[in-house]
Amino acid sequence: MEVNESKLIEAELTLRDLRITKDVLETRRSMVRWLALALGIISPGEARLSAVSVLDAILYFQFQEKKDPSVDELSDYINKRWSPINEKTLRYHLLQLKKAGIADNSKGKYFLTRNEGTDSSDIAMWVNSYIDSRIAPIKGKIAESMKELKNRP
């Protein structure tokens with residue numbers, strides 16, 4: 001029996017184990033780019049920076065301003081600190097961050113995803129919650145599959 005494997009995919013998760021070098025820690029831009037690469041937001045060698053700039057803006061407002069920004073506030077930040085970004089591109093990258101479970105929105109404001117019982121300003125808690133929420137369903141399905149496989153001759 002042939003299975004159309006592409007129809008079975010519910011989600012994909014990319015996490016990269018990257019070295020943190022002095023060069024990475026040198027500037028905010030290099031740190032955010034490293035983070036975007038580690039979280040699978042961008043691919044290695046990707047030259048376009050719009051996805052990185054959107055991630056940077058959300059992180060800036062989350063940790064420095066301690067507020068949930070609107071699209072206009074994100075756009076203003078990116079236009080001043082990176083390069084001009086049009087609203088369509090900004091909204092596209094916000095949607096991609098939302099699909100990846102990294103960001104969410106409510107009432108026109110954007111923020112790092114807040115899983116139940118987590119404080120998004122607690123970085124370690126947020127990272128653990130994000131990774132656990134992405135990996136737990138996969139672990140469960142792999143365990144179920146292996147259990148079924150064990151019982152088959």
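Hydrogens, waters and symmetry mates play no part in the numbers below; they use all other heavy atoms, side chains included. Residue numbers run from 1 in the order of the sequence given.
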(message) Would you say that more than 12 heavy atoms from the other residues, nucleotides or ligands in this model lie under 6.0 Å from the CG of N4, or not?
(response)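 Yes, CG of N4 has more than 12 neighbouring heavy atoms, counting only those of other groups under 6.0 Å.
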(request) Assess whether atom CD of Q64 is packed by more than 12 heavy atoms of other residues, nucleotides or ligands within 6.0 Å. (result)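 Yes, CD of Q64 has more than 12 neighbouring heavy atoms, counting only those of other groups under 6.0 Å.
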Please check: side-chain N/O of [X] versus main-chain N/O of [Y], any donor-acceptor pairing under 3.5 Å?
{"X": "S43", "Y": "E46", "value": "no"}
{"X": "T113", "Y": "I102", "value": "yes"}
{"X": "S133", "Y": "S129", "value": "yes"}

Taking all heavy atoms of [X] and all of [Y], pick out the closest pair and write down the distance.
{"X": "I20", "Y": "W34", "answer": "CG1-CZ2, 3.4 Å"}
{"X": "R19", "Y": "V24", "answer": "O-CG2, 4.3 Å"}
{"X": "P44", "Y": "R16", "answer": "CD-NH2, 3.6 Å"}
{"X": "I135", "Y": "L15", "answer": "CD1-CD1, 4.4 Å"}
{"X": "Q62", "Y": "L112", "answer": "OE1-N, 3.0 Å"}
{"X": "I85", "Y": "S50", "answer": "CD1-CB, 4.2 Å"}

If the threshold is 4.0 Å, N to carboxylate O, is there a salt bridge linking [X] and [Y]?
{"X": "R114", "Y": "D68", "answer": "yes"}
{"X": "D56", "Y": "R28", "answer": "yes"}
{"X": "K67", "Y": "E65", "answer": "no"}
{"X": "E148", "Y": "R152", "answer": "yes"}

In Å, rounded to the nearest 0.5 Å, how long is the span from [atom1] of [X] to [atom2] of [Y]?
{"X": "K150", "Y": "M146", "atom1": "NZ", "atom2": "CE", "result": "10.0 Å"}
{"X": "L39", "Y": "Y130", "atom1": "CG", "atom2": "OH", "result": "5.5 Å"}
{"X": "R91", "Y": "N86", "atom1": "CZ", "atom2": "CG", "result": "11.0 Å"}
{"X": "L90", "Y": "I78", "atom1": "CG", "atom2": "CD1", "result": "5.0 Å"}
{"X": "K66", "Y": "F61", "atom1": "NZ", "atom2": "CZ", "result": "13.5 Å"}
{"X": "S53", "Y": "N79", "atom1": "OG", "atom2": "CG", "result": "9.0 Å"}

Report yes if the side chains of [X] and [Y] come closer than 4.5 Å at any heavy-atom pair, otherwise no.
{"X": "L25", "Y": "T21", "value": "no"}
{"X": "R33", "Y": "L49", "value": "yes"}
{"X": "L97", "Y": "I58", "value": "yes"}

(request) Test I42 against every option in L35, L37, L55, T14 by the side chain to side chain contact (heavy atoms under 4.5 Å, CB included) rule and name the one that passes. (result)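 Per the side chain to side chain contact (heavy atoms under 4.5 Å, CB included) rule, the option paired with I42 is L37, out of L35, L37, L55, T14.
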Let me check something: do [X] and [Y] share a hydrophobic cluster, defined by ILVMFWY side-chain heavy atoms less than 4.5 Å apart, either directly or through other members?
{"X": "F63", "Y": "Y77", "value": "yes"}
{"X": "F111", "Y": "L95", "value": "no"}
{"X": "V54", "Y": "Y92", "value": "no"}

